[in-house]
Protein chains: 2
Amino acid sequence: MRVVGKAGAMSPISIKDIARAAGVSHSTVSRALGDSSLVSAETKARIQRLAHDMGYSPDAQARSLVMGRTRTIGVVVTTIADPFIGEIVQAVESTANDHGYTVILVSSNAESDREIKAVEMLRSKRVDGVIVTSSRVGALYQDYLERLGVPVVLINSHSQQGGVYTFAVNVDNRHGGCLATEHLIQLGHRRIAYLTGPADHSDDLDRLAGYRQALAEAGVAFDPALVVQGTGRADGGKRALPVLRALQAPPTAVFCYNDVTAIGLMHAARQAGLSIPGDLAVVGFDDIPFASYIHPPLTTIAQPKLEMGKSAVAMMLALVSDRDRANATPLTRSGQTSAMPSRDIIVRGRLVARESSMGLHGGLAAN
Amino acid sequence: MRVVGKAGAMSPISIKDIARAAGVSHSTVSRALGDSSLVSAETKARIQRLAHDMGYSPDAQARSLVMGRTRTIGVVVTTIADPFIGEIVQAVESTANDHGYTVILVSSNAESDREIKAVEMLRSKRVDGVIVTSSRVGALYQDYLERLGVPVVLINSHSQQGGVYTFAVNVDNRHGGCLATEHLIQLGHRRIAYLTGPADHSDDLDRLAGYRQALAEAGVAFDPALVVQGTGRADGGKRALPVLRALQAPPTAVFCYNDVTAIGLMHAARQAGLSIPGDLAVVGFDDIPFASYIHPPLTTIAQPKLEMGKSAVAMMLALVSDRDRANATPLTRSGQTSAMPSRDIIVRGRLVARESSMGLHGGLAAN
DNA sequence: TTGTAAGCGTTATCAG
DNA sequence: CTGATAACGCTTACAA
């Protein structure tokens with residue numbers, strides 16, 4: 001049974017406390033703890049033991065104050081209660097941790113006042129960099145991010161114009177749109193709708209472009225009536241169904257901006273008595289965890305979320321150490337250095353064919 | 001067009017810079033910025049203007065160093081790529097932010113080495129408190145948490161024994177288990193299975209207890225064969241199906257530890273050609289966002305996630321300010337103070353009846 | 001009302 | 001190898 005001692009808010013022990021206990025100066029303790037070669041192996045060992053026994057924990061704030069970096073990155077999301085964002089953040093957080101970095105999480109709910117408040121907070125905390133996920137980064141917001149003076153890496157976010165500090169990791173939306181549409185064409189569909197995400201989202205426009213490209217390559221005429229407005233949320237899919245059915249020549253297949261939209265659409269279709277994929281084949285985008293668990297399992301374009309998170313952190317870290325190195329030689333406008341070959345990383349998604357597009361015994365999956 | 005100036009890593013401006021520009025001492029600046037009454041309204045305004053114009057941002061670390069608190073809380077989760085946890089964290093993060101607190105997110109993947117690394121990190125960052133979500137807090141882990149010396153609030157987590165600093169917000173699992181089971185009994189089911197979560201999880205045991213209580217109150221005999229082991233993940237539901245079907249007297253309904261398990265079960269059932277709820281009625285627990293979007297929509301016990309997140313933060317903040325106040329009067333073992341009436345908050349879930357238990361025209365939902 | 005000085009816990013520079 | 005000493009940016013007695 002361990003004696004706990006006074007449970008009150010005792011301030012944690014510092015290197016000075018250890019110094020006193022060890023009969024040395026606090027700088028020697030600092031060196032010993034930092035495994036410096038300027039301390040005799042003997043006293044080093046002694047001090048390290050002592051520090052351990054006394055339950056010493058270095059004060060990251062004090063250290064950061066003098067070191068000029070916090071080993072902390074800010075992660076800004078609209079909401080983490082979104083399965084796709086959740087997976088990205090999970091990847092970001094764990095790779096950051098593996099590299100000794102801590103993550104401060106801020107959610108903005110896509111409200112611009114919260115966004116600027118968030119940035120202000122991160123600035124005060126002196127984060128070494130910021131990663132922004134799945135946001136449409138408006139001009140004002142981007143300006144604030146720029147002024148942070150630290151590297152900013154955008155994941156699947158669109159910014160107005162590239163800024164000095166802004167780098168990005170994006171999925172190849174056009175390619176994904178192509179894959180999805182080609183898949184449906186291959187299954188014999190000719191009237192294929194595209195159910196969009198939120199308006200003015202560049203991801204959405206690129207996926208649409210991929211859709212059109214695939215149609216064109218297959219010699220299928222593009223029909224603007226088949227492009228239906230969604231929201232990027234489940235309700236968008238729900239509300240789109242009646243619109244699709246009201247068309248003179250309704251589609252036999254729908255490519256949706258994302259999985260959540262597709263799920264909303266399928267839900268509504270089912271309630272309307274439509275069979276999927278019999279009456280309507282559906283393809284989503286993202287491959288959220290539940291895509292394979294809904295009924296029918298959703299065909300989708302899988303984004304390599306883990307890879308994207310890792311890449312974003314790697315990019316961030318490269319930028320940070322870059323800046324360290326470049327104290328007298330600041331980043332050039334192009335931001336090119338040996339360690340940082342490019343300011344944009346594009347990763348490709350892959351088609352995950354499931355039953356929502358081809359049924360249990362349909363097309364490619366026949367067995 | 002704004003001139004950006006040297007893009008290099010210029011250190012941000014400090015109160016000394018402002019002091020120099022304003023022709024006053026840095027302490028006057030500090031006071032002015034802190035809106036102290038010890039500065040003439042005139043100079044105060046002048047300094048505040050200046051600070052704004054110069055783009056000043058206070059250094060939270062320096063401030064924390066002298067103030068002794070960081071206004072930062074650590075949030076530890078197993079993984080945020082879990083819809084339930086995601087929603088809790090969302091609630092925690094936004095309420096914390098509303099109160100001027102920043103959230104450091106750490107995910108442990110339920111690996112004990114990561115858990116202790118996480119705690120060590122939070123300690124170094126000098127967080128004012130820690131909130132732990134949905135973990136089985138093992139003895140070792142809890143010991144580490146205790147030694148942090150800051151308040152710890154557990155959300156839906158079970159700890160071995162209450163420690164000095166450990167407080168909790170929990171859903172009433174027994175009550176939830178009761179609700180779910182009563183619902184199935186009311187629909188006429190008598191052979192009702194319980195599909196468990198991960199082994200040795202107290203949540204699971206309490207839900208089981210609620211299940212048994214409801215059975216007993218309805219005069220239905222408890223059959224141990226109907227308690228089938230799951231994992232808390234979708235695969236648990238999947239693997240449980242054959243076990244359930246192999247029983248001499250298979251159940252007509254299943255209450256699952258959580259929604260994810262229920263979804264895995266329903267998925268498997270569907271592939272096996274069973275109809276839900278016709279062949280098997282299913283009830284989950286949590287009410288994750290997708291519960292209403294799967295097919296059939298899942299009947300479940302909704303946890304008040306927003307309320308739980310808010311309560312946890314409120315509790316945390318109360319504990320923190322408590323400790324502030326109690327510099328000379330440390331917390332007693334009971335931790336009772338005026339502001340903190342109880343060390344445990346229990347919230348009740350509510351039944352959300354959907355089609356997985358009663359079909360479109362079944363029971364209560366008939367219209 | 002303002003300035004001076006000390007101190008928070010570190011690291012780093014410079015003598016010894 | 002080790003110890004003073006300064007510095008990081010801030011708050012806060014204590015003096016003026």
Side-chain angles (χ1 to χ4, degrees), chain A residues 9-48 50-51 54-72 123-128 149 324 327, chain B residues 9-48 50-51 54-72 123-128 149 324 327:
Chain A
M10 287 182 305
S11 56
I13 71 141
S14 73
I15 52 171
K16 287 185 182 172
D17 298 317
I18 301 175
R20 207 170 306 125
V24 294
S25 76
H26 76 275
S27 26
T28 300
V29 175
S30 175
R31 282 190 278 255
L33 264 35
D35 203 33
S36 157
S37 56
L38 302 170
V39 194
S40 76
E42 185 190 23
T43 49
K44 188 189 288 186
R46 186 165 58 92
I47 289 173
Q48 284 173 349
L50 203 51
M54 295 175 72
Y56 171 75
S57 164
D59 187 316
Q61 326 217 53
R63 200 204 294 266
S64 299
L65 197 55
V66 43
M67 302 283 269
R69 1 186 267 125
T70 54
R71 291 192 177 279
T72 296
R123 181 141 95 122
S124 261
K125 296 283 186 186
R126 297 295 190 262
V127 295
D128 293 337
D324 279 359
N327 271 343
Chain B
M10 286 184 305
S11 55
I13 71 142
S14 73
I15 51 171
K16 286 187 183 171
D17 298 318
I18 300 175
R20 207 171 306 127
V24 295
S25 76
H26 74 276
S27 32
T28 301
V29 175
S30 174
R31 285 189 275 254
L33 264 34
D35 204 32
S36 157
S37 56
L38 302 170
V39 195
S40 77
E42 185 188 23
T43 50
K44 187 189 288 186
R46 187 165 57 93
I47 289 173
Q48 285 173 347
L50 203 51
M54 295 174 73
Y56 171 74
S57 164
D59 187 317
Q61 328 219 49
R63 199 205 295 265
S64 299
L65 198 53
V66 43
M67 301 284 267
R69 0 187 269 125
T70 55
R71 291 192 176 280
T72 297
R123 180 140 95 122
S124 260
K125 296 284 186 185
R126 299 293 190 262
V127 295
D128 292 339
D324 278 359
N327 270 344

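Chain A is the first sequence line, chain B the second, and so forth, proteins listed ahead of strands; every chain is numbered from 1.
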K.L.:
Compare every heavy atom of A/K125 with every heavy atom of B/T70, then report the nearest pair and how far apart it is.
P.N.:
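Closest pair (atom of B/T70, atom of A/K125, distance): O-NZ, 2.9 Å.
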K.L.:
Rounding to an integer number of Å, can you tell me how far A/R126 CZ sits from D/dC8 P?
P.N.:
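Going from CZ in A/R126 over to P in D/dC8 covers 14 Å.
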K.L.:
Scan A/T43, A/I47, A/V24, A/L38 and name whichever one has a side chain to side chain contact (heavy atoms under 4.5 Å, CB included) with A/R31.
P.N.:
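Checked A/T43, A/I47, A/V24, A/L38 against A/R31; only one passes side chain to side chain contact (heavy atoms under 4.5 Å, CB included): A/L38.
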K.L.:
Could you identify which residues of residues 59-68 of chain B place a heavy atom less than 4.0 Å from some atom of DNA chain C, listed by residue number, or say none?
P.N.:
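Going residue by residue through residues 59-68 of chain B, the ones with a heavy atom under 4.0 Å of DNA chain C turn out to be B/L65, B/V66.
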K.L.:
Please state how far atom CD1 in A/I15 lies from atom P in D/dA4, giving the value in whole angstrom units.
P.N.:
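Distance, rounded to whole Å: 13 Å.
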K.L.:
Tell me: CZ of A/R123 to P of D/dG9, nearest whole Å?
P.N.:
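Distance, rounded to whole Å: 14 Å.
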K.L.:
Find the distance A/R71:CZ to C/dT11:P and express it as a whole number of Å.
P.N.:
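Taking atom P of C/dT11 as the reference, CZ of A/R71 is at 12 Å.
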K.L.:
Expressed in angstrom and rounded to an integer, what is the separation of A/I47 atom CD1 from C/dT10 atom C1'?
P.N.:
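Whole-Å distance recorded here is 15 Å.
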K.L.:
Under 3.5 Å, is there a donor-acceptor pair linking the side chains of A/T72 and A/R126?
P.N.:
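A/R126 and A/T72 do not have a side-chain donor-acceptor pair below 3.5 Å.
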K.L.:
May I ask you to say what A/S124 touches in the nucleic acid, namely base, sugar-phosphate or nothing, with a heavy-atom cut-off under 4.0 Å?
P.N.:
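Nothing, no nucleic acid heavy atom in range.
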K.L.:
Where do B/V29 and B/K16 land on the side chain to side chain contact (heavy atoms under 4.5 Å, CB included) test, with the steps shown first?
P.N.:
CA-CA 8 Å; B/V29 175; B/K16 286 187 183 171; over 6 Å; no
K.L.:
Short of 4.0 Å, heavy atom to strand atom, which residues of residues 23-39 of chain B count as contacting DNA chain D?
P.N.:
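Under 4.0 Å from DNA chain D: B/H26, B/S27, B/S30, B/R31.
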K.L.:
Could you walk me through whether A/Y56 and A/I15 pass the side chain to side chain contact (heavy atoms under 4.5 Å, CB included) test, one step at a time?
P.N.:
CA-CA 8 Å; A/Y56 171 75; A/I15 52 171; 3.5 Å; yes
K.L.:
Round to the nearest Å and state the distance from A/I18 atom CD1 to D/dG3 atom C1'.
P.N.:
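My rounded result for the distance is 17 Å.
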